[in-house]
Amino acid sequence: MTTTLVKEKELSPPPVALAERARRTRRRGRIVALLFVFPALLLLGALVVYPVLFSVGRSFFDASGTRFVGGENYSEMFRDPATLKAVRNTTIWVVVAPALLTGLGLILAVLVEKVRWATAFKLLLFMPMAVSFLAAGIIFRLAYDEAPDKGVLNAAVVFVHDAFTGTSSYPTARARDGQGLAKGADGSYRTGTGASPGDSVTLGLVGVAPRDLPAGAEPAYAAAGRKAAPDELSGVVYLDFTPGGGGEQGKVDRRESGLPEMKVEAVRDGEAVATATTAADGSFRFSGLDSGSYSVRLPASNFAPPYEGVSWLGPTLVTPAIIGAYLWIWTGFAMVLIGAGLATLPRDALEAARMDGAGEWQIFRRITVPLLAPVLTVVFVTLVINVMKVFDLVYIIAPGPVQEDATVLATQMWLVSFGGGNNQGLGSALGVLLLLLVLPAMVFNVRRFRRSQR
């Protein structure tokens with residue numbers, strides 16, 4: 001027995017040899033790991049590290065890249081009004097877009113749990129993520145078009161506006177010069193001579209194409225020949241134009257049409273004392289008028305231009321409009337991530353709260369949101385990093401005249417460097433500024449990820 005133990009001790013390697021073998025194994029493992037990682041590190045260095053270092057160095061040179069100017073580009077950056085506007089717009093993006101997206105994602109994630117077709121609903125909301133920013137920008141550029149016949153948003157706005165306030169049927173109508181109608185400063189027309197009860201007046205207008213007449217318009221000839229009752233003032237509003245030519249100006253011919261649905265007022269001492277609306281043949285009448293002289297007025301509302309909707313891509317609304325397009329794309333992303341976090345919540349805590357009599361709003365505010373705080377923070381910080389680099393939507397959606405009103409740091413960097421400015425020194429300084437703004441959010445995200453891994 002003793003001899004066997006002595007032989008085993010003689011055959012087993014000494015501890016120093018074992019340690020050396022372990023070191024060689026670890027070293028070999030590191031070399032193999034480094035060989036596998038080397039291509040990725042090479043690409044990372046070529047595509048990330050080198051451009052960052054080159055941009056930092058280039059930011060200290062002038063536009064030509066030959067003369068060292070030190071921090072002049074950085075001081076010029078904060079003196080340029082366009083750059084200051086880009087910083088302001090970027091701040092609006094950072095404050096508004098991530099907060100709205102996180103809130104919408106949270107609300108939709110909670111509501112989707114109660115929808116029967118939850119998977120289909122999530123797919124529908126997530127589909128915009130499959131659309132490129134270029135395609136999304138073109139879609140929303142068309143949707144925001146100011147012409148109601150092109151832009152779907154303005155088409156809806158004009159439809160609602162016209163449904164509640166109505167619209168003029170004769171925006172192009174006008175009176176002939178020297179035909180007895182004088183135009184007022186407000187765009188209305190009124191007769192130059194007075195009329196009394198028992199009189200009949202004819203008000204001829206031009207500028208309306210026969211094809212644009214309202215449906216049901218009838219010839220005005222018969223109405224113009226009627227006599228007014230002694231206690232009423234009557235007349236006809238007609239299109240002083242005979243299709244095919246002919247006719248006499250200022251006189252109602254047989255083939256000339258009346259202008260229906262036009263508002264007419266009887267005016268005395270500067271005030272409208274009676275109002276009427278023309279019939280299908282353009283006729284109108286005022287009954288019960290006191291004796292005396294009146295003028296007949298066609299209010300400016302008859303000739304008001306049609307409502308064209310909202311200037312979504314004007315200087316005032318262009319940034320909110322682009323943020324709206326961004327929300328359409330990224331809401332599904334926020335909802336899916338928050339929904340994944342929601343699926344991991346302990347259901348027993350929620351059920352216990354319900355059994356204790358807590359309402360759904362109390363559960364949402366006091367249990368769901370606090371438990372989802374880590375997920376909400378990750379989503380919010382990720383979106384902050386993303387909106388700081390937004391470029392495609394701003395460049396595509398904002399028209400040329402308002403490009404400067406919508407510019408953010410990324411678009412300003414491109415415009416200064418390649419979009420006509422040709423000052424890559426200043427553009428590099430803007431790139432360094434953008435990097436410095438993004439770094440804190442990136443560091444926060446990495447530290448939080450490491451903390452959660454522990």
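One is the number of the first residue; the rest follow in order along the sequence.
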[X], [atom1] atom: more than 12 neighbouring heavy atoms under 6.0 Å:
| X | atom1 | answer |
| --- | --- | --- |
| Phe68 | CZ | yes |
| Glu218 | CD | yes |
| Arg365 | CZ | yes |
| Glu261 | CD | no |

Gap between atom [atom2] of [Y] and atom [atom1] of [X] - 0.5 Å precision:
| X | Y | atom1 | atom2 | result |
| --- | --- | --- | --- | --- |
| Thr277 | Phe284 | OG1 | CZ | 11.0 Å |
| Asp80 | Phe78 | CG | CZ | 11.0 Å |
| Thr102 | Met335 | OG1 | CE | 13.5 Å |
| Phe364 | Ile107 | CZ | CD1 | 6.0 Å |
| Phe38 | Leu43 | CZ | CG | 10.0 Å |
| Tyr189 | Arg174 | OH | CZ | 8.0 Å |

Any non-hydrogen side-chain atom of [X] less than 4.5 Å from a side-chain atom of [Y]?
| X | Y | answer |
| --- | --- | --- |
| Trp93 | Thr319 | yes |
| Lys263 | Thr275 | yes |
| Pro219 | Arg255 | no |
| Leu409 | Met413 | no |
| Leu376 | Ile338 | yes |
| Tyr326 | Leu383 | yes |
| Ile323 | Ile92 | yes |
| Phe140 | Ile329 | no |

Where is the tightest heavy-atom contact between [X] and [Y], given as atom of each residue plus distance?
| X | Y | result |
| --- | --- | --- |
| Ala406 | Ile322 | CB-CD1, 4.0 Å |
| Asp145 | Asn154 | O-ND2, 3.5 Å |
| Ala334 | Leu101 | CB-O, 3.6 Å |
| Ala217 | Gly258 | CB-O, 3.9 Å |
| Pro370 | Ile367 | CD-O, 3.4 Å |
| Ala136 | Trp328 | CB-CZ3, 4.2 Å |

For the backbone of [Y] and the side chain of [X], can you confirm whether one donor and one acceptor N or O come within less than 3.5 Å of each other?
| X | Y | result |
| --- | --- | --- |
| Asp62 | Thr66 | yes |
| Thr278 | Met262 | yes |
| Thr172 | Gly207 | yes |

Could you label the plane-to-plane angle of the Tyr144 and Trp312 rings as parallel, tilted or perpendicular, counting under 30° as parallel and over 60° as perpendicular?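 Because their plane-to-plane angle lies in the 30° to 60° range, the rings of Tyr144 and Trp312 count as tilted.
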
For a side-chain contact (heavy atoms from CB on, under 4.5 Å) check, start with the C-alpha distance between Val394 and Gln403, then their side-chain angles and the critical distance, and finish with the verdict. CA-CA 8 Å; Val394 177; Gln403 187 72 243; 4.1 Å; yes

Check: residues 418-442 side-chain donor-acceptor pairs under 3.5 Å, at least two apart:
unit_1: Asn423; atom_1: OD1; unit_2: Gly425; atom_2: N; d: 3.3
unit_1: Asn423; atom_1: OD1; unit_2: Leu426; atom_2: N; d: 3.2
unit_1: Ser428; atom_1: OG; unit_2: Gln424; atom_2: O; d: 2.7

Would Asp240 and Glu256 count as a side-chain contact (heavy atoms from CB on, under 4.5 Å) here? Give the steps. CA-CA 7 Å; Asp240 192 10; Glu256 291 179 341; 3.5 Å; yes

Working for side-chain contact (heavy atoms from CB on, under 4.5 Å), residues Trp330 and Met129: CA-CA 7 Å; Trp330 284 89; Met129 287 293 298; 4.0 Å; yes

Dump the intermediate steps for side-chain contact (heavy atoms from CB on, under 4.5 Å) on Leu134 and Ile396, then the final yes or no. CA-CA 7 Å; Leu134 173 64; Ile396 295 167; 3.2 Å; yes

